[in-house]
Amino acid sequence: MEIQENIRLRPLTTLEVGGCARFFVRAVSVEDAEAAVQFAERKNLPLFVLGGGSNVLISDRGWPGLVLAISIRGIQEESSRSTTLFRVGAGENWDSWVEHAVARGCAGIECLSGIPGSVGGTPIQNVGAYGQEVSETIVSVAAFDRCQKRVRELSAADCGFSYRTSTFNTVERDRYVIVRVSYALRPGGAPRLGYRDLETYFAGRNGSPTLSEVRDAVRKIRGRKGMLIAPGDPDSRSAGSFFKNPVVTADQYEDLMRRAAERNLDLASYPALSEQKKISAAWLVENSGFRKGYRQGNTGISSKHALALVNRGAATAEEIVGLKDRIQERVEAVWGIRLEPEPVLVGF
Ligand SMILES: Cc1cc2nc3c(=O)[nH]c(=O)nc-3n(C[C@H](O)[C@H](O)[C@H](O)COP(=O)(O)OP(=O)(O)OC[C@H]3O[C@@H](n4cnc5c(N)ncnc54)[C@H](O)[C@@H]3O)c2cc1C
């Protein structure tokens, strides 16, 4: 395990902004990860764990301590009658793992095709898309616990999953280094098709689509929205959706309805989540004066998706934050809702 110094982080992220890591190490094993944590503790350095860099905004000052990049590989498979259990190294590329599962004929994560990043990054915000979330198939997460100084197997219940959250990005932030994630998938299972974009894609077709057809469809739909990392597509130099869809109370929902009616607009919301309502953040952004393709210096909004803030080539983190602040302020002024960023802001 080699500890390097002053390593540029910008090329290790999809948004391609940010400064250097004072120290940097790549862990290819659980032992490497443990040794790296010990190094940071011995030297009293702040530790940041990096996966695929697809959900981070790194400050122009970089990271003053140790960046621990997780490259732990390996996929182990264990079959029982109705499920197949896969233990997947946290450093595996997420989309390659989905491709593998689909090729093995196992259902449960096909709608999450095309999401960039690592396997270890997915439990953090309970990654979801097109009607599926990883919390539906994760059975446990193996993680090095920085408090207890040992690797623990956390059950799905321990992870406290809900919409774009888990204990890893809330109450236990920075406590765990995830080394492996276990998923229970359904061999021979049918693909999930509930999401409107997918229904439209397959409308009029005879017979049900296969897992692999759904995977291809999801990747095509994502590509059209700039939500697939494609070299040469400037709209994909982003961190995906920059804002979470706000979940509002009944009172806030009433207030939003009133504001929408004043403007002769129909409020776009997702189906009610228990007592609450999930509102489309993209709708709020677009109805606050920001359009797809909006430009602000070296930054802007993707021409294909209103929620993706993009680096137009030479953006600094400060410029991205400037655009984020502007959108948050404007949406709050018009709709009375403060949008919450989805990517993790690092080193600010
Ligand atoms: C084009 C594009 C499309 C996207 N579409 C979606 C989408 O549809 N749905 C969705 O939910 N997200 C989406 N994202 C966001 C992102 O891809 C996911 O959140 C992804 O799971 C992040 O994984 P990562 O390995 O890149 O994490 P990173 O960006 O490297 O890190 C993100 C956070 O996770 C932590 N982390 C990462 N790995 C570990 C580990 N092994 N142990 C402990 N902590 C760790 C980091 O410390 C950080 O806090 C998209 C991003 C892009 C760029």
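Read the numbers this way: they start at 1 and go in the same order the structure lists the ligands and their atoms.
We find that Arg192 and Glu136 are joined by a salt bridge, their nearest charged nitrogen and carboxylate oxygen being less than 4.0 Å apart. Contact check on Arg26 versus Asp32 returns no salt bridge, with no Lys/Arg side-chain nitrogen under 4.0 Å from an Asp/Glu carboxylate oxygen. Salt bridge present: Lys149 and Glu41 bring a charged side-chain N and a carboxylate O closer than 4.0 Å. Look at Arg175 and Asp145 and you find a salt bridge, because one of the NZ, NE, NH1 or NH2 atoms lies within 4.0 Å of a carboxylate O, short of that distance. Under 4.0 Å is where a charged nitrogen must lie from a carboxylate oxygen, and between Asp235 and Lys292 no such pair does. With respect to Arg219 and Asp216, no salt bridge is recorded, no charged nitrogen being found less than 4.0 Å from a carboxylate O. Checked for salt-bridge contact, Arg312 and Glu319 miss the test: no charged N lies under 4.0 Å from a carboxylate O. Salt bridge status for Glu262 with Arg258: present, with a side-chain N to carboxylate O gap under 4.0 Å.
The option with the heavy atom closest to atom 19 (O) of ligand 1, from among His305, Gln125, Glu133, Lys225, is Gln125. When the heavy atoms of Gln132, Arg222, Met227, Arg175 are ranked by distance to atom 8 (O) of ligand 1, first place goes to Arg222. Of the candidates Leu47, Val49, Val346, Val56, the one placing a heavy atom closest to atom 40 (C) of ligand 1 is Val49. Nearest-residue assignment for atom 36 (N) of ligand 1 (options Leu345, Leu50, Ile124, Asn126; heavy-atom criterion): Ile124.
Contacts between Ala143 and ligand 1 below 4.0 angstrom, taking non-hydrogen atoms only, are absent altogether. When heavy-atom distances to ligand 1 are checked against a 4.0 Å cut-off, Phe48 comes that close only through its side chain, counted from C-beta outward. The proximity of Asn55 to ligand 1, defined as any non-hydrogen pair under 4.0 Å, involves the side chain as well as the backbone. Contacts of Val127 with ligand 1, taken as heavy-atom pairs under 4.0 Å, involve both backbone and side chain. The parts of Ser54 lying near ligand 1 are both backbone and side chain, judged by heavy-atom distances below 4.0 Å. Of the heavy atoms in Val344, only side-chain atoms (C-beta onward) come closer than 4.0 Å to ligand 1.
If you check which protein heavy atom lies closest to atom 24 (P) of ligand 1, you get Gly52 N, 3.4 Å. Considering only non-hydrogen protein atoms, atom 28 (P) of ligand 1 sits nearest to Gly53 N, 3.6 Å. The single protein non-hydrogen atom nearest to atom 41 (N) of ligand 1 is Ile178 O, 3.0 Å, given as residue, atom name and distance. Closest to atom 13 (C) of ligand 1, if we only count protein heavy atoms, is Ile115 CG2, 3.9 Å. Counting only heavy atoms of the protein, atom 9 (N) of ligand 1 lies nearest to Gly128 O, 2.8 Å.
Between Ser118 and ligand 1, a contact under 3.5 Å exists for at least one N or O pair. Considering backbone and side-chain N/O atoms, Gly51 comes within less than 3.5 Å of an N/O atom of ligand 1. Polar contact check, Gly226 against ligand 1: no nitrogen or oxygen pair lies under 3.5 Å apart. At least one N or O atom of Pro116, backbone or side chain, sits closer than 3.5 Å to an N or O atom of ligand 1.
Taking the six-membered ring for Trp and the full ring otherwise, Trp63 and Phe24 have centroids separated by 6.0 Å or more. Aromatic ring centres of Phe144 and Tyr176: separated by at least 6.0 Å.
Contact analysis puts Arg164 in contact with ligand 1, with a non-hydrogen atom separation below 4.0 angstrom. The shortest separation from a heavy atom of Ser236 to ligand 1 is not under 4.0 Å, leaving the residue out of contact.
Heavy-atom contacts from other residues, nucleotides or ligands closer than 6.0 Å to CZ of Arg338 number more than 12.
Of all atoms in ligand 1, listed by their number and element, those nearer than 4.0 Å to a heavy atom of Ala239 are 51 (C), 52 (C), 53 (C). Close approach of ligand 1 to Ile70 (heavy-atom distance below 4.0 Å) involves ligand atoms 41 (N). The ligand atoms of ligand 1 that sit less than 4.0 angstrom from a heavy atom of Ala129 are 8 (O). Distances below 4.0 Å separate heavy atoms of Thr122 from the following atoms of ligand 1: 21 (O). Residue-ligand proximity, Tyr176 to ligand 1, at heavy-atom distances under 4.0 Å covers atoms 43 (C). Numbered from 1 in the order shown, with element, the atoms of ligand 1 that lie under 4.0 Å from a heavy atom of Thr14 read 53 (C).
Using a 4.5 Å cut-off on side-chain heavy atoms (C-beta onward), Arg222 and Arg224 make no contact. The shortest side-chain heavy-atom distance between His305 and Phe242 does not fall under the 4.5 Å cut-off.
Annotation: cation-pi geometry satisfied between Arg263 and Trp335 (NZ/CZ under 6.0 angstrom from ring centroid, within 45° of ring axis). Lys220 forms no cation-pi arrangement with Tyr201, by the criterion of a distance under 6.0 Å to the ring centre and an angle within 45° of the ring axis.
Note on ring orientation: taking the six-membered ring where Trp is involved, the planes of Tyr195 and Tyr130 are perpendicular (angle over 60°, cut-offs 30° and 60°).
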